[in-house]
Amino acid sequence: MKKLQLLSVAAMLLFSVNINADTVKTNLNLFNPDVRKCLIEASESEGWKLEAVYTDEQDKLVMVFGKGTETKTYIDK
């Protein structure tokens, strides 16, 4: 009975968490510093803040922007 209660509580918590994330695969060359600068400036003008920059396992550049509880992830072409 305890396992069933724990499972139902875990399910309710899972459904109550609302995370908005958009992944945008772009045709932009994010390794180009001018492109990165323009993307950062355009995002900041719309209220987005750069939260992380890293390369993934395929050596593609990834930029993560956040605004409140929302995130947008841009991945190099």
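Start at 1 with the first residue, then count along the sequence. FYI, side chains are in, hydrogens and waters are out, and symmetry mates aren't considered; it's all heavy atoms of this structure.
Separation of atoms CD (Glu44) and CG (Leu39) is listed at 10.0 Å; rounding is to 0.5 Å. To the nearest 0.5 angstrom, Thr55 atom OG1 is 12.0 Å from Ile75 atom CD1. Distance check, rounded to the nearest 0.5 Å: CG of Asp76 to CG of Leu28 gives 8.5 Å.
Using a 4.5 Å heavy-atom cutoff, the side chains of Glu70 and Trp48 are in contact. Residues Val53 and Val62 are not in side-chain contact: their nearest non-hydrogen atoms beyond the backbone lie 4.5 Å or more apart.
Here the closest heavy-atom approach between residue Ala42 and residue Ser45 is recorded as O-OG, 2.7 Å. When all heavy atoms are compared, the tightest approach of Glu51 to Thr71 is OE1-CG2, 4.1 Å. Shown here for Leu30 and Arg36, the closest heavy-atom pair between the two residues is O-CG, 2.8 Å.
Side chain of Lys72 to backbone of Lys67: no donor-acceptor contact under 3.5 angstrom is found.
Not a single side-chain contact (heavy atoms from CB on, under 4.5 Å) links Asp59 to another residue, sequence neighbours left out.
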